[in-house]
Amino acid sequence: MIQLLFTVIMVEMGLTLSFVFKTPLRKLVIMGLDRAKRGRGPVVVKTVAGTIVIVLCSSLYNMARIRSRWIAEDGSGVGPNPTDQILFAGHMIESTLMGAILFLALMIDRLHHYMRELRLRRKSMEAANRHTQIRGDSGEWKNGSPDELKCLEEETKALRLKLNQLESELDTKKKDLRDAEANAMSLSKQSEGFLLEYDRLHEENRNLRTQLQSLDSKFTHSGSKKNI
């Protein structure tokens, strides 16, 4: 499962990078997301997100239960169980990766929304500029109504202001996205450290079980000799 979560994170990071840089791939990604948000796409995405949230809550609950058991064992003077340490490390890795997946999915959705709004505003601005240019070339401004001219100028200013706001918000989202990618990379490195610790604890647990089985066999052998 951990390998699958890493794969999903890498795919989401690729999608977010396609939004940051202006390449032909960004247009394809936007078109793909537009199609994915039609029909049954949103239902499927919400179902997958709900499943991930449920699994994340289950992992957090298991971590809290293991943590409470450790506190009880510390009070009784018994150290943490190696098996519980392995389980805790596994749940922590899965929770970290699932949280990163949900965060990156939210960032992708918001970036796609702002990109689409920005594209629509630009089309509106281009249409307004073309309309202004056509009316100016035909000489209708001189004979046109001043109120109509004033209304059109105010509409153009409002559209330009909205466009500037959207560009500013897009720049802010891109900055947040870069910070999120940096956090995701640090979480990925931290998860790799957890995996190494997980392997070490697993090996230590296996060695302890082997030693315990050896001791049990020795006690059994010595007990059989005494009976003879």
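Here the structure is a predicted model, which means the values were calculated and not measured.
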Shortest non-hydrogen separation from Phe88 to Ile66 and the atoms involved: N-CD1, 4.0 Å

Spatial distance of atom CG (Leu56) from atom OG (Ser95) [nearest 0.5 Å]: 5.5 Å

Short side-chain to backbone donor-acceptor contact, Ser58 and Ile54, under 3.5 Å: no

Leu97 side, atom CG; Gln3 side, atom CD - distance, nearest 0.5 Å: 10.0 Å

Salt bridge (Lys or Arg N to Asp or Glu O under 4.0 Å) involving Asp109 - partner list, sequence neighbours excluded: Lys37

Flag, side chain of Thr16 to backbone of Met13, donor-acceptor distance under 3.5 Å: yes

Same apolar cluster (I L V M F W Y, side chains within < 4.5 Å links), Met10/Leu102: yes

Inter-residue atom distance Leu33.CG - Leu15.CG, 0.5 Å rounding: 6.5 Å

Single-linkage hydrophobic cluster Val45~Leu106, side-chain heavy atoms < 4.5 angstrom: no

Qualifying residues under salt bridge (Lys or Arg N to Asp or Glu O under 4.0 Å), relative to Arg116, sequence neighbours excluded: Asp34

All pairs passing salt bridge (charged side-chain N to carboxylate O under 4.0 Å, His left out) where residues 2-16 contributes a residue, at least two apart: none

Reference residue Ser18; test side-chain contact (heavy atoms from CB on, under 4.5 Å); the match among Val29, Ile108, Ile30, Leu111: Val29

4.5 Å side-chain heavy-atom contact, Met115 and Arg26: yes

Spacing of Met98 atom CE and Ile93 atom CD1 [to the nearest 0.5 Å]: 11.5 Å

Inter-residue atom distance Phe103.CZ - Asp176.CG, 0.5 Å rounding: 7.5 Å

Interatomic spacing from OG in Ser59 to CE in Met92 - rounded to 0.5 Å: 11.5 Å

Leu87 with Val55, same ILVMFWY side-chain cluster at under 4.5 Å: yes

